[in-house]
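Every chain is numbered from 1, with letters handed out A, B, ... down the list of sequences. Just so you know, these numbers use all the heavy atoms, side chains as well, and skip hydrogens, waters and symmetry mates.
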Amino acid sequence: MSPSSPSFAVEFDEINQEIVLRGTMRVRSPEEMTDATDLIRRSFGHGGHLVYVNIKRLTHLNMTAFRCIADVLTEACLADPQRRIVIVASSVIAWSAPLFETLASAQPNLSVEIYDSAFYPGQTFVEDESFIPILRTQTKMTWRHEREILPRHGMKEGMAIADICCGIGDFATLIKRQFNPTRLIALDHSKKSLEYARRVAAEFGLNSIEYTYGDASQMLLADNQFDFVTCRHSLQIFDRPDILLRELYRICKPGGRVYITNEKNSHCLGEPHSESIRWTYDEVAKLFSHFDMDVEMGPKSRRLLTDAGFDTIKVESFMVTNLDGDPRDFADVIEAWENVYAGQMAVRRGDSPDFIRRFRQGFKDHVLAALHPKGYAGWPIWAASGRKPF
Amino acid sequence: MIERQVSPEPGAFEQMASLTLDTALFRSEFHLCDRVSEYLADIVAQSHEDPARYANFSSQLINEMIEFSFRSAVPTGQIDFRLLKNEERVRVSIEFAPVSDHQPDWLANDTSAIANGHPAVGDLWGLADAIRVNLHTEEHKENHVTLMADFALLEAVR
Ligand SMILES: C[S@@+](CC[C@H](N)C(=O)[O-])C[C@H]1O[C@@H](n2cnc3c(N)ncnc32)[C@H](O)[C@@H]1O
């Protein structure tokens, strides 16, 4: 099956001095590469002493196309021996670095780097292991709601399902048990999370979940494969959610649905101490936005899905609260948020100790609200889905 | 570099799948190269820990082999695509009749073919070397040749 329509693009980003190649380059003749190689040549003309060639999202490349690219790169190396050309490859695509290394061995001013970070600005926080306990408890809490919400959005038994940005895979195992899909693939770009996911699945004897290491913004999965595609709490961490949605749309079958969940962090609430809690979560939203992540995305779901071309859109919101099951679970989630948001992200932003102290207080008050016998603590989430038209 | 070994005795491999196409039909549509390689690569990767990723990896070479046969096959008769496996490997094999002037370069099996005016031959071997997949050829009666690549049956790509 063809992974995608045989299309590719070449762009030059002058600010980052980066030539970006992406898509499927399987051309029949070198003439089909002329526009691309002209653009590369022109970009070198405008470029400085250090130019990056980003091939992280170049998923397929035949040797006819490779030869054309190799020729322009070699030409650029020879034209200006002072110029450094760095080819930036992704480890998701296992053939690309070794193939481009063959050029680097012939040209001293050309090198290949494997670069798996900076897919999105907040990656270092989200791929950190300290996130694992957050994700596990969060999913445990949201599942109580989502097991009932999902059928309303069309999930049923016997479907082909993909969970994109699956994290530690616990949602996939829950789906497997509850909805018994015919195929279930779960993709993430964190190797640590996937290792964890595979281990848990093996322990539960769930060996039919296909965990795959990939980049959600350029997946190696074929077009039109899945009846139901989920992407939970993840669009909000990308600075370009539209790119991700385009990929979710692509792998979804016509008539199938894409289901997304997102938060609106500033609407987290609690009693008592509602003011302190509100202040802190307002600051959470600002903190994420500093790192180009939008944890206020929930209510924007309808617009995002519409703009991406979906129809029959459904949106609903739900509130995870301390009254759902064991309040200690919710308190654990809040404490984990405090650790990452106040303990790491605010520190990285360079916030003052006074700010961090006040910031932490709101989380502590939220924990208190969650555990207080007369308290109430809430975390609002938007679940939305759209159908890919026939 | 890859050792260009003599292929193990064929009896050790059992057939998994095969596809026979009329060469004229195959050569009429370049896009078939991509279609057939993705199809074969999906099967090659099916028992891997991460099938999507190994399919992408293996399809890179399989596609090149198929494009090579697309460009080299005489436009009559048939072309056979086969998948075989033993305990360790999945073998992709393509059997066809090449136009005669291509043949000597193939059997030389090396990148010096680029200098001999057949860059496609050099590219094919060069790619196999770069990504460390064992590629080899066999000659048969009636001018037929088989191009073969051996992929790991199980282990994940690095
Ligand atoms: C906030 S977590 C959500 C995880 C999971 N869906 C959940 O709800 O528990 C975001 C996930 O997106 C993953 N991710 C980030 N960038 C990615 C990319 N480019 N491709 C695939 N996954 C990515 C991260 O590794 C992380 O596991």
Please report the interatomic distance CH2(A:Trp95) to CG(B:Leu61), rounded to the nearest 0.5 Å. 12.0 Å
Flag yes if more than 12 heavy atoms outside A:Tyr52 fall under 6.0 Å of its OH atom; otherwise flag no. no
Does any heavy atom of chain B fall under 4.5 Å from the side chain of A:Leu61, the backbone, both, or neither of them? both
Any idea which heavy atoms bring B:Ala52 and A:Thr212 closest together, and the distance? CB-OG1, 3.6 Å
Please look at B:Gln60 and chain A and tell me whether the side chain, the backbone, both or neither of the residue comes under 4.5 angstrom of a heavy atom of that chain. both
Enter the distance from A:His60:NE2 to B:Glu38:CD here, rounded to the nearest 0.5 Å. 4.0 Å
What heavy-atom pair brings A:Asn62 and B:Phe30 nearest, and what distance separates the two atoms? ND2-CZ, 4.1 Å
Quick one: closest heavy-atom pair of B:Ala130 and A:Pro98, and the distance? O-CB, 3.4 Å
Charged N-O contact under 4.0 Å between A:Arg198 and B:Glu49: yes
Atom pair CZ/CZ of B:Phe70 and A:Arg28 - distance to nearest 0.5 Å: 4.0 Å
Pick one of side chain, backbone, both or neither for B:Ser58, based on which atoms fall under 4.5 Å of a heavy atom in chain A. neither
Correct closest heavy-atom pair for B:Leu127 and A:Leu99 would be CD1-CD1, 3.9 Å
Look up atom CD in B:Gln46 and atom CD in A:Glu210, then write down how far apart they are to the nearest 0.5 Å. 10.5 Å
How many angstroms lie between atom OG1 of A:Thr102 and atom CG of B:Asp123, to the nearest 0.5 angstrom? 9.5 Å
If you count the non-hydrogen atoms of other residues, nucleotides and ligands that lie under 6.0 Å from CZ in A:Arg84, is the total more than 12? no
Nearest-0.5 Å distance that lies between atom CZ in B:Arg53 and atom OG in A:Ser91: 6.0 Å
A:Lys253: side-chain hydrogen bond (donor to acceptor under 3.5 Å, both in side chains) partners, not counting sequence neighbours: A:Asp227
Side chain, backbone, both or neither of A:Leu187 within contact of chain B (heavy atoms, under 4.5 Å): neither
